[in-house]
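Let me begin by presenting the structure, written as structure tokens, before commenting on it.
By convention in this document, chain letters (A, B, ...) are assigned in the order of the sequence lines, proteins followed by strands, and residues within each chain are numbered from 1.
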Amino acid sequence: AQSVAQPEDQVNVAEGNPLTVKCTYSVSGNPYLFWYVQYPNRGLQFLLKYITGDNLVKGSYGFEAEFNKSQTSFHLKKPSALVSDSALYFCAVRDGRNTPLVFGKGTRLSVIA
Amino acid sequence: NAGVTQTPKFRILKIGQSMTLQCTQDMNHNYMYWYRQDPGMGLKLIYYSVGAGITDKGEVPNGYNVSRSTTEDFPLRLELAAPSQTSVYFCASSFPRVGGGQNTEAFFGQGTRLTVV
């Protein structure tokens with residue numbers, strides 16, 4: 001069965017600094033990997049995905065993520081954090097196209113001005 | 001497009017009451033899902049459906065029932081509400097029907113915050 005680990009409950013970063021939110025996964029087949037963001041009292045918004053191809057994928061709001069097959073990781077990154085990036089971030093994995101998404105526990109990102 | 005619409009947004013139930021959480025999508029997706037979100041626990045899959053007339057249990061199905069009579073609608077039923085079902089419930093959908101493209105990400109509704117007292 002697939003699983004996702006987000007080892008940090010909370011990440012704090014100063015505005016303007018680079019940010020990284022970590023994610024590792026476990027699947028039996030080829031992984032389909034996703035990042036979602038959740039703002040207070042809102043649903044989840046899709047940020048980016050890795051299906052196949054380039055290991056570095058770019059998504060919404062300047063975010064990107066790097067797929068590393070050997071380390072089974074899919075860390076979310078942004079070169080320069082904004083206060084408005086403060087939110088709850090979820091990593092998710094699907095084992096093939098026809099299975100439901102499995103989510104990590106989420107990482108709360110706090111960007112301090 | 002409205003996307004995925006959930007109703008109601010908030011609800012307070014008494015122990016033992018029943019209710020149905022409504023979910024509808026207008027994106028012609030054949031896959032639909034129900035998740036619950038508890039603080040610090042991420043999202044847990046309750047039930048999912050790969051198309052009209054087909055449903056499957058997820059990780060935490062006990063105490064819930066679903067039906068999928070149409071492509072658009074996927075209601076979640078709580079028959080005997082318990083305090084352990086206090087949570088935020090999210091409906092999601094993905095995969096266009098045949099000919100609809102290659103999207104694989106799920107689209108989420110705004111959630112239903114349920115409190116059982």
Filtered by a 4.5 Å non-hydrogen cutoff, the part of residues 67-91 of chain A contacting chain B is A:L88, A:F90
Using the rule that Ile, Leu, Val, Met, Phe, Trp and Tyr join whenever any side-chain heavy atoms are under 4.5 Å apart, tell me whether B:F107 and A:W35 fall into a single cluster. no
When the 4.5 angstrom heavy-atom criterion is applied to A:Q38 and chain B, the contacting part is side chain
In this structure, OH of B:Y35 is separated from CZ of A:F103 (nearest 0.5 Å) by 5.0 Å
- Message: Quick check: is B:F90 connected to B:L78 through a chain of hydrophobic side chains (ILVMFWY, heavy atoms under 4.5 Å apart)?
- Response: no
Applying a strict 4.5 Å limit to non-hydrogen atoms, the region of B:L45 in contact with chain A is side chain
Turns out that what part of B:Q6 lies under 4.5 Å from chain A's heavy atoms comes down to neither
Looking only at B:L43, B:D56, B:V4, most heavy-atom pairs under 4.5 Å shared with chain A are made by B:L43
Distance col, row A:R94:CZ vs B:E105:CD, nearest 0.5 angstrom, shows 9.0 Å
Next on the checklist: If hydrophobic clusters are built from ILVMFWY residues whose side chains come within less than 4.5 Å, do A:V93 and A:V21 share one?
Outcome noted: yes
Let me check something: do B:F108 and B:L114 share a hydrophobic cluster, defined by ILVMFWY side-chain heavy atoms less than 4.5 Å apart, either directly or through other members? no
Review point. More than 12 foreign heavy atoms under 6.0 Å from CD1 of A:I112: is that the case here?
Key: yes
Cluster check A:L33, A:F46: I/L/V/M/F/W/Y, side chain < 4.5 angstrom
no
Is it true that a side-chain atom of B:Y48 and a backbone atom of A:L101 form a donor plus acceptor pair closer than 3.5 Å? no
Chain B shares the most heavy-atom pairs under 4.5 Å, among A:G106, A:G104, A:A92, A:G43, with A:G43
Check whether any side-chain heavy atom of A:V102 sits under 4.5 Å from a side-chain heavy atom of B:E59, and report yes or no.
no
In this structure, CD of B:Q110 is separated from CZ of A:R42 (nearest 0.5 Å) by 4.5 Å
Distance col, row A:F34:CZ vs B:S94:OG, nearest 0.5 angstrom, shows 8.0 Å
